[in-house]
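All values below come from the heavy atoms of this structure, side chains included, with hydrogens, waters and symmetry mates left out. This structure is a prediction, so every number in the text was calculated from the model and none was measured.
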Amino acid sequence: MGPLFIPILRRMKFGQQIREDGPQGHLKKQGTPTMGGVIILLALALATLRFADKNSNLLILLIASLGYGLVGFLDDYIKIIFKRSLGLTAKQKLFGQLLISAIVCYLLVMKGHSTDLYIPFVEFHFNPGWLYFPLMAILMLGASNAVNFTDGLDGLLAGSSAIAFGAYTVIAMNNTQPEAAIFSAAMVGAVLGFLVFNAHPAKVFMGDTGSLGIGGGLVAVAILTKAELLLAVIGGVFLIEILSVVIQVVSFKTRGKRVFKMSPIHHHFELVGWSEWRVVITFWVVGLVLAVLGLYMNEVL
């Protein structure tokens, strides 16, 4: 769908607005077609609906991914229409994300989803009871924004998410969760197909449409496969990205000093002299190592 949609996005002038306070090398990317996440989510939905059984698990997965993708779509659309780097306000985006999370949690309750939480690599689990569902809503919110922060360099998120979903494909197959396995495999195919056009120099950006949709889908797979806590390992790159933002903000507000030259941390490495492609490859390698570690902790390897 890339060769079909990218010229359409270009003709509609759906170009990316670049932050002026970011790395100066990114200013040349101004006007590159964005909202390419539509390509990812369409490919994901078509493949999943074609090959997976239509049951409650599939509904949860699609609502999580497409619902968060819709919030991102609105954010991207406002950026484009008003020609600015910020779309929805923080409160509007938070409300949309929480609404989708609440719908997902409601469906989990109706499905009778287990509220046990399993500690990776040890034979121990505990049941937080009704607190499980608010915790999952917070996890969806945090993880989707962590994935969103990772989308800052050409190909970085597409490659990192392919690795994470690849690991969850294996876990879902091992746990006999066919819908989650097919969904994860479809996402791997979708983001790798998108990577053909998103690798440096990018011909299209996924925008919040893609990054939030990917994040919502990733958490939904983690929940359904009962590997919720393992997401901190398999999605370790995303965790590092959002922690760098939190550390930077807390440090600046409390000490008046910045820990990194710029956050998220991938921009820090750019500003210390790394090429964009070197940063991306390094983060992919880190993501791959963490994914293998996660599979080992889940006793798949």
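Closest approach of Leu218 and Ala164 over heavy atoms only: CD1-CB, 4.2 Å. Residues Pro128 and Leu117 share a closest heavy-atom pair of CG-CD1, 4.0 Å. Between Thr169 and Ala181, the closest heavy-atom pair is CG2-O, 3.8 Å. Taking every heavy atom of both residues into account, Tyr168 and Val221 meet most closely at CB-CG1, 3.6 Å.
With sequence neighbours excluded, the residues that form a side chain to side chain contact (heavy atoms under 4.5 Å, CB included) with Val109 are Phe133. Scored by the side chain to side chain contact (heavy atoms under 4.5 Å, CB included) test, Lys203 finds no partners at all (sequence neighbours excluded).
Between Leu156 atom CG and Leu195 atom CG the span is 10.5 Å, to the nearest 0.5 Å. Leu88 contributes atom CG, which lies 4.5 Å from atom CG of Asp75 (distance to the nearest 0.5 angstrom). Remark: Leu107 CG to Ser56 OG distance equals 8.5 Å, nearest 0.5 Å. Put simply, CD1 on Ile234 and CG on Asn298 are 7.0 Å apart, with the number rounded to the nearest 0.5 Å. Atom OG1 of Thr115 and atom NE2 of His125 lie 10.5 Å apart (nearest 0.5 Å). For the atom pair Leu62 CG and Asn57 CG, the distance stands at 11.0 Å (nearest 0.5 Å).
Considering His267, His266, His268 as possible partners of Phe260, the one that fulfils the ring-ring contact (aromatic ring centres under 6.0 Å, His included) test is His268.
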**Request:** Might you work through the side chain to side chain contact (heavy atoms under 4.5 Å, CB included) test for Ile214 and Phe165, ending with a clear yes or no?
**Result:** CA-CA 9 Å; Ile214 289 170; Phe165 273 103; 3.8 Å; yes
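A salt bridge links Lys226 and Glu228; the closest N-O separation between the charged side-chain nitrogens and carboxylate oxygens is under 4.0 Å.
Considering only heavy atoms from C-beta on, Thr89 stays 4.5 Å or farther from Lys93 through its side chain. In this structure the side chain of Leu70 never reaches within 4.5 angstrom of the side chain of Leu66, judged on heavy atoms.
Between the side chain of Asn198 and the backbone N or O of Asp154 there is no donor-acceptor pair closer than 3.5 Å. Distance alone, capped at 3.5 Å, places no donor-acceptor pair between the Ser263 side chain and the Ile265 backbone. With hydrogens and angles ignored, the 3.5 Å screen pairs a side-chain donor or acceptor of Asn175 with a backbone N or O of Thr225. In this structure, Asp208 contributes its side chain and Ser211 its backbone to no donor-acceptor pair below 3.5 Å.
Side-chain contact annotation: Tyr68 with Ser101, donor-acceptor N/O pair under 3.5 Å present.
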